[in-house]
Amino acid sequence: MHGHNVFFPIGFDAFGLPAENAAIANGMHPRDWTLANIEGMRRQLRSMGNTFDWSAEIVTSDPDFYRWNQWIFLRLLEQDLAYRRMAPVDWCPRDQVVLAREQVEGPERRCWRCGTQVIKRDLEQWFFRTTAYADELLRYPDITWPAPIRVMQTNWIGRSEGARITFTVAPDGSQPGGDAIEVFTTRADTLFGATFMVLAPEHPLVEKLTHPNQWEEVEAYRDAARHKSEIDRLSADREKTGVSLGSYAINPIDGERIPIWIADYVLLGYGTGAIMAVPAHDERDFEFARRHQLPIRRVVAAPGTEDEQLDGAFIAHTEGERLVDSGSLTGMSAPDGARAITETLRERGLGQSAVTYRLRDWLISRQRAWGTPIPVVYCLGQCGIVPVPDDELPVRLPDDFQLPPQGGNPLETHEGFLHTTCPRCGEAARRETDTMDTFVDSSWYWWRYLSPHKADGPIDRELADRWCPVDQYTGGAEHAVLHLLYSRFFCKALADLDLIAEREPFLRLFNQGQILGEGGLRMSKSRGNVQDPDELVARYGADSVRLFLMFMKPWEADAPWSATGLTGMFRFLNRVWAVTLDAGGTDMPKPAAGAAVSDTGDLRRLAHRTLREVTDDYQGFSFNTLIARLMELTNALTRARGTAAASGADFDEATRLLLLMLAPVAPHITEELWQRRSSAGAEEWQSIHAQPWPAWDPALTAVDEIDLPVQVNGKLRDLVALPPGLPAAEVEQRVMERDKIRAQLAGKELVRVVHVPGRLVNLVVR
RNA sequence: GCCGAAGUGGCGGAAUGGUAGACGCGGCGGACUUAAAAUCCGCUGUCCGCAAGGGCGUGUGAGUUCGAAUCUCACCUUCGGCACCA
């Protein structure tokens with residue numbers, strides 16, 4: 001209606017565990033189960049009147065789509081943005097699958113799909129190197145996204161600036177010394193306060209650095225750490241356990257010998273997996289030092305507070321704080337101290353400034369059959385991991401796999417799929433049986449919508465340049481660090497592969513809310529609280545249901561489903577029907593006395609004002625208030641029905657504008673009414689959805705009379721009807737003449753008159 | 001614990017410094033009808049009052065302002081995110 005070309009495609013994210021599990025439960029191949037479901041959803045979406053471009057439909061489980069996942073995977077592999085390595089990973093014991101870090105939720109570390117607590121396992125897995133773009137992902141140039149989403153992503157990426165510092169292991173009776181332990185710290189200024197070191201129990205240097213006398217104790221601790229559950233290990237209020245390795249390191253700034261410990265509060269996966277412990281200035285180190293009687297030495301203090309007793313770590317930065325007890329740097333401000341120490345270490349080759357991120361690489365392999373096969377083979381000869389050549393893509397999922405009754409991945413036992421030959425040397429080879437995380441599918445699908453059948457590449461560059469980035473994206477906040485982060489990573493990676501031009505996929509993001517099940521929980525089949533629109537659509541019509549979904553809450557808010565109020569939408573549309581087709585009110589009992597509308601100009605003005613406001617509301621996604629305004633207009637027209645006013649041109653224009661304004665949200669009934677209006681008149685019929693958006697007449701939207709609120713001491717006391725544009729002095733004079741105001745002012749002293757022209761007058765009295 | 005969002009009638013919600021409660025649901029009353037349904041009209045925050053009118057009122061308490069649901073501070077509650085990140 002605004003003359004833009006709009007591309008509004010639809011598709012089905014059809015791979016994944018829910019489909020696979022449901023297929024198992026129903027004894028079907030997941031493909032058959034999925035396609036049957038898609039058929040149902042297509043019908044349901046059409047019944048709601050969604051105006052998708054079905055010619056561009058994508059089904060991600062179709063080989064024509066997933067072959068390009070494989071093709072992109074191979075390009076990322078070439079660029080070292082995809083890799084395989086052994087790592088401690090999150091494993092969901094119920095789904096029997098590994099999960100990406102983003103897919104493990106909450107303090108109890110539960111699987112995002114099934115809610116089971118995950119466990120850590122050391123497994124060899126495939127990763128995408130999202131960390132390569134960590135810094136760029138922190139920038140959001142020229143995109144209009146809700147601030148909370150950006151905050152969540154920023155926190156998730158967790159950039160922190162500091163220094164890497166090398167501690168050298170000291171020689172002693174059992175140990176020649178000389179090994180380097182690298183640590184990361186954000187507080188280089190506290191280096192003089194480092195009184196011990198802590199390595200993660202899994203740190204590779206532990207075995208080498210353990211003194212023979214400590215061997216047994218260290219082994220026992222490492223073993224316990226390995227078997228401890230994730231939750232136990234991560235709960236922050238747990239006692240800080242650890243054991244000494246019996247060896248020592250040299251503090252690179254002052255040469256002091258400090259003991260080396262292992263403790264499970266240091267995580268292998270963050271920074272370097274080792275820390276310098278400064279108990280005076282870090283809560284965790286403080287707690288650990290207290291428990292194990294290690295020295296606590298304060299090295300930063302505000303003047304005059306140096307001798308205060310510490311009963312906790314001193315963390316907060318205070319005004320004027322300076323280094324104390326820090327050799328030649330004593331007296332320096334803390335930030336200068338950090339710089340000086342880092343610089344000194346750099347000169348000695350023992351340190352440098354550094355940045356660390358909380359973000360981990362994206363673990364994309366899944367031990368399940370219903371996903372995109374990862375296109376590599378393991379050569380049983382000499383070649384190791386060999387990528388499948390492009391011209392052998394797609395690596396197809398077999399059509400006949402049997403789901404093993406005991407669970408697990410059927411691809412591992414499918415002889416036809418498993419056995420192949422090495423593309424490099426021709427010897428026997430085994431296919432990779434892991435499939436890709438389904439978030440891979442959703443990370444680039446919108447480019448594929450532009451050319452879903454393109455056979456010689458994933459993306460039509462010319463079309464992508466013309467249509468992308470996506471102007472308006474809609475999605476839930478629950479995808480903040482999942483789909484929305486992965487998609488930004490993909491965009492940057494695909495831009496570096498020169499497949500697309502842009503580096504951000506979605507210019508404007510709107511977080512629509514979710515309609516929750518009764519009880520306020522997310523709808524899901526497993527909870528059995530799914531609401532099906534079919535019955536409501538059959539009973540009230542798609543337009544009523546659509547309107548109600550938009551009217552019941554702000555578009556961005558979550559709310560539990562309740563059909564209370566749906567009847568209001570149905571009644572509203574009935575009134576629209578009545579004012580459009582039966583302005584004379586033949587069905588009305590009889591004109592209500594006193595309801596006659598004499599000034600049809602009022603209807604005109606209301607229609608034009610409504611148009612102005614509704615146009616604004618559409619722009620701002622304020623669907624609920626827009627519908628309310630259309631109801632007001634309809635109610636005014638309803639009151640004029642059956643009166644002389646209803647046969648006039650103003651009434652006719654108002655109903656015409658009403659239909660046009662309503663068309664985007666109630667497409668079916670407005671089209672029908674539009675068509676009937678056209679055939680009643682002489683105009684040749686054209687779809688209402690192809691009409692230009694109407695323009696309002698500024699002369700009609702201008703204020704013609706105001707009911708000026710008059711307050712006395714901020715309390716509303718009167719409303720004074722006035723023409724607009726009256727001089728301030730005259731307005732005030734008229735206000736003062738009002739009986740009510742006189743009564744209010746009687747016996748009081750008028751101190752001040754606040755007059756906001758056109759808005760109100762406030763009389764301040766004493 | 002840290003970060004973020006929110007708290008308004010019986011219910012969903014409107015109003016982002018200027019008439020609190022638009023619009024809808026529900027409720028009450030009326031018209032039409034033999035009757036009911038549907039439809040249409042009116043009323044509906046709360047307390048006092050026959051009325052005119054007035055008091056109170058946006059989680060709680062303070063503050064800024066002529067004026068606060070809206071801004072500031074503290075607190076309470078709910079929801080979402082993070083979880084020893086050095």
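Protein chains get the first letters and strands the later ones, always in sequence-line order, with residue 1 at the start of each.
- The salt bridge (Lys or Arg N to Asp or Glu O under 4.0 Å) analysis of residues 550-572 of chain A, with sequence neighbours excluded, yields no pairs.
- A heavy atom closer than 4.0 Å to some atom of RNA chain B occurs in Arg752(A), Val754(A), Val756(A), Arg759(A), Leu760(A), Asn762(A), Val764(A), these being the qualifying members of residues 750-766 of chain A.
- Under the 30°/60° scheme for interplanar angles, the aromatic rings of Phe288(A) and Tyr265(A) are found to be tilted.
- Evaluation of the side-chain contact (heavy atoms from CB on, under 4.5 Å) rule for Pro148(A) yields Pro146(A) as partners, not counting sequence neighbours.
- Pairs passing the salt bridge (Lys or Arg N to Asp or Glu O under 4.0 Å) check and including a residue from residues 272-283 of chain A, sequence neighbours excluded, read Asp282(A)-Arg284(A).
- Nucleic acid contact for Thr356(A): none, since no nucleic acid atom lies under 4.0 Å from a heavy atom of the residue.
- One C1' atom belongs to U46(B), the other to G57(B), and the distance between them is 7 Å to the nearest Å.
- Between Arg159(A) and the phosphate of C85(B), there is no side-chain N or O to OP1/OP2 separation shorter than 4.0 Å.
- With P as the reference atom, A15(B) and G7(B) are 12 Å apart, rounded to whole Å.
- The aromatic rings of Phe510(A) and Phe621(A) lie parallel to each other, their planes meeting at an angle below 30°, with 60° marking the opposite boundary.
- In this structure, Arg358(A) forms a cation-pi arrangement with Trp156(A), its terminal cationic atom sitting closer than 6.0 Å to the ring centre and no more than 45° off the ring axis.
- Every residue two or more places apart in sequence or in another chain that forms a salt bridge (charged side-chain N to carboxylate O under 4.0 Å, His left out) with Arg488(A) is listed here: Glu504(A).
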>> Would Tyr357(A) and Thr130(A) count as a side-chain hydrogen bond (donor to acceptor under 3.5 Å, both in side chains) here? Give the steps.
In response: CA-CA 11 Å; Tyr357(A) 302 90; Thr130(A) 43; over 6 Å; no
>> So if I define the base as every atom that isn't primed, P, OP1 or OP2, how would nucleotides 47-54 of chain B read as a B/S/- string at a heavy-atom cutoff under 4.0 Å?
In response: ------SS
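- Residues forming a side-chain contact (heavy atoms from CB on, under 4.5 Å) with Arg110(A) (at least two apart in sequence, or on another chain): Glu108(A), Gln117(A).
- Side chains of Tyr140(A) and Arg150(A): a donor-acceptor N/O pair is absent below 3.5 angstrom, by distance only.
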Under-3.5 Å N/O pairs linking protein and nucleotides 23-25 of chain B:
residue, atom, partner, partner atom, Å
G24(B), OP1, Asn635(A), ND2, 2.9
C25(B), OP1, Arg571(A), NH1, 2.8

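- Taking a pair as Watson-Crick or G-U wobble with both distances under 3.5 Å, the runs of three or more consecutive pairs in RNA chain B are B:1-7 with B:76-82, B:10-12 with B:23-25, B:26-31 with B:39-44, B:45-48 with B:53-56, B:59-63 with B:71-75.
- Under the side-chain hydrogen bond (donor to acceptor under 3.5 Å, both in side chains) criterion, Arg187(A) pairs with Asp189(A), sequence neighbours left out.
- Looking at residues two or more places apart in sequence or on another chain, you find a side-chain contact (heavy atoms from CB on, under 4.5 Å) between Leu581(A) and Trp577(A), Leu673(A), Arg676(A).
- Ring-centre distance between Trp362(A) and Phe127(A): not below the 6.0 Å cut-off.
- Ring geometry for His479(A) versus Phe439(A): interplanar angle over 60°, hence perpendicular rather than tilted (30 to 60°).
- Using a 4.0 Å cutoff on non-hydrogen atoms, no part of residues 608-618 of chain A comes near RNA chain B.
- Between Asn624(A) and A14(B) there is a side-chain polar atom (N or O) within less than 4.0 angstrom of OP1 or OP2.
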